[in-house]
Amino acid sequence: MLRSIITVHALAVSVQPMLAGQFLSGNFDMVEVHGVVALLVTLLALTQILFAVLLWRPGRGPLWPVGASLLVFLAEGLQTGVGYARLLSLHVPLGVAIFGIMLLLLVWVWRPRLGVPPKAGTGSTPTTSAATR
Amino acid sequence: MTRAMSPSRRGFLGLLGAAGAVGVAGLAGCGFPRGTLGEPLTSELPLPRPFRVPLPVPRVARPVRSDGDTDYYEITQRESEVEILPGVRTAVWGYDGLFPGPTIESRSGRRTVIRHRNELPVPVAVHLHGGHTPPEHDGYPTDLVLPVGDAARSGYAGHAGRAGWSFHRGAKEYAYPLEQRAATLWYHDHRMDFTGPQMYRGLAGFHIVRDDEDDALPLPKGDKDIPLMICDRAFAADGSLRYPALDPSLRDEPGVRAAYMEGVLGDVVLVNGAPWPVLEVANTRYRFRLLNASNARHYQLALDPGPPEGASFLQVGSDGGLLPAPVEHTALRIAPAERYDVVVDFSGYPVGSEINLVNTLGSGGVGRVMRFRVARRERDEASVPGRLSEYEPLRRSQAARVREFRFRRGTVHGMKGWTINGKAFDPTRMDARPSLGDVEIWRFTTDFHHPIHLHLVNFQVLSRNGGGPRESDAGWKDTVDLEVYDEVEVITRFTGYRGRYVLHCHNLEHEDMAMMANFETV
């Protein structure tokens with residue numbers, strides 16, 4: 001489940017610079033879509049924290065995704081505020097940073113897990129922690 | 001590891017890589033807008049190959065008579081058929097049927113009176129852009145010249161008696177004192193709600209003011225002093241100019257289709273009314289008076305290839321005439337209605353060279369503007385001195401007050417439009433009352449790209465986003481280019497005439513959709 005949330009969240013985040021680019025190059029309405037997607041992104045970040053916690057306890061997964069998800073959530077809150085305040089000099093680098101963290105989380109959540117031998121007969125099989133993942 | 005990876009996962013990782021690349025490209029796009037800054041219209045005709053037609057230079061109008069202190073001109077605004085694309089007839093609305101209109105040349109301080117007769121099917125107003133003009137001659141948007149013999153038409157006749165509107169039947173004399181420095185001015189239509197489509201159809205021309213100071217400089221002169229009116233247009237299948245007006249007759253219902261409210265962009269770049277023209281030049285210096293007469297398109301002009309040494313453009317003047325000293329530019333961003341007076345030196349190019357004037361904000365057809373071909377060798381009589389002019393730089397401490405003007409998308413008569421300080425334009429509402437003689441700072445903020453123009457006065461750019469002005473902000477200006485979420489302060493002294501004037505966004509679709517405000521000098 002965390003995998004799905006992170007995937008959708010990362011996709012939503014990656015749409016944002018494209019919408020911003022469209023706005024800057026002349027399509028005014030795109031800034032309104034950019035705002036709506038920002039709200040969606042923040043909601044996804046909250047949900048992601050919830051599932052990161054579940055992966056940790058009871059899932060026996062690592063704790064750091066909780067921290068990373070919390071960091072992304074806070075950064076996105078700040079990013080939305082900075083965006084509405086029109087502080088482009090902060091908005092663009094912060095956006096790049098958020099995009100970078102989401103990219104790392106995405107790679108982590110989809111990476112083939114080394115050292116976890118697959119069950120016979122199937123390619124990728126849920127492991128204990130992947131059940132919540 | 002490979003065994004552990006399901007086909008779907010492998011496919012996903014591939015997708016992820018692609019999404020990442022697109023995302024990064026999008027982010028890069030953030031910092032470098034492609035500069036379309038509006039909604040593109042596509043021509044329905046095959047477009048001509050660029051650099052085939054010679055650059056036309058608009059003819060200079062002759063006064064019909066002159067007396068001790070005044071030159072009198074007569075211009076008839078009428079429709080005519082012209083050949084813009086080779087082999088295609090295009091109906092334009094032109095001053096004397098010409099697009100661009102005839103160039104008016106005036107001496108500083110010598111009165112110029114132009115009688116405009118309106119043989120078009122719609123009302124018009126003529127604004128001398130950059131002119132220091134009394135209010136009744138400034139081409140206020142609701143001070144209209146009605147068509148000859150057609151004064152009773154509904155639509156505009158319905159405005160009769162409404163506060164703030166006035167009408168002239170068939171013709172009007174515009175009198176310009178021109179007590180101002182030498183500068184590249186231009187005249188164009190300014191009819192309330194319809195400026196965009198009427199200028200698009202061809203109602204624009206140069207008005208050059210000359211004075212002794214400018215004449216005395218050794219800058220390129222005569223046929224090496226050339227005005228270049230750059231604008232973009234799209235063509236319909238029948239050869240007419242394509243524009244997304246709600247009412248193509250331009251009589252009653254103002255506005256453009258909703259998708260075009262950010263501004264109308266064409267796909268053909270015209271210089272002096274010719275598509276991607278070519279100019280044969282000598283290997284000497286030339287003075288080009290650049291004007292962006294497009295409705296909405298911004299250009300970033302550059303020479304390709306650039307000169308082997310030195311800057312591409314040596315700017316000697318701006319909207320309001322000579323700079324104190326020349327400024328070098330390798331690229332020059334020019335917003336609608338801005339003028340840059342530049343000297344280009346072709347002496348570094350061998351005879352036979354072809355140099356393109358390109359627009360680096362555009363790609364394909366709109367990435368090209370025109371071509372220079374170095375055709376002959378000549379001795380250069382001209383030069384650019386290190387000191388050009390002198391004027392008083394206005395200081396923040398001189399300002400009697402600061403006013404704020406917020407240029408934003410907003411609601412106009414219940415529909416999406418463009419506003420200043422949250423309000424749609426209303427000819428009866430005064431938004432500022434500066435006193436004659438006072439210095440004021442006007443602070444503009446934006447939510448989008450807005451080139452902001454003040455009537456009556458020239459100003460100096462004081463600051464941009466808390467920092468200093470751009471190099472291209474130098475000199476006296478009447479139009480200043482603001483980008484998304486910019487804050488620009490300009491400083492000016494209100495002088496001359498008492499009365500009602502406008503300030504507005506010179507993206508004409510924004511202007512027509514109410515992004516205009518009044519000020520009254522008292």
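Here is the naming used below: chain letters follow the sequence lines, and residue numbers restart at 1 for every chain.
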Distance-only donor-acceptor check, side chains B:His298 and B:His449, under 3.5 Å:
no
Out of A:Val31, A:Leu88, A:Asp29, which one racks up the most heavy-atom pairs below 4.5 Å with chain B?
A:Asp29
Between B:Asn465 and chain A, with a heavy-atom cut-off of 4.5 Å, which part of the residue counts as in contact: side chain, backbone, both or neither?
neither
Taking atom types as modelled, find out whether B:Thr479 and B:Glu338 have a side-chain donor-acceptor pair closer than 3.5 angstrom.
no
Is the positively charged end of B:Arg408 above the ring of B:Trp418, judged by distance under 6.0 angstrom from the centroid and angle within 45° of the axis?
no
Specify which of A:Gln22, A:His91, A:Arg86 makes the most heavy-atom pairs with chain B at under 4.5 Å.
A:Arg86
Are a donor atom and an acceptor atom from the side chains of B:Glu509 and B:Asn295 found within less than 3.5 Å of each other?
yes
Under 4.5 Å from any heavy atom of chain B - which part of A:Val13:
neither
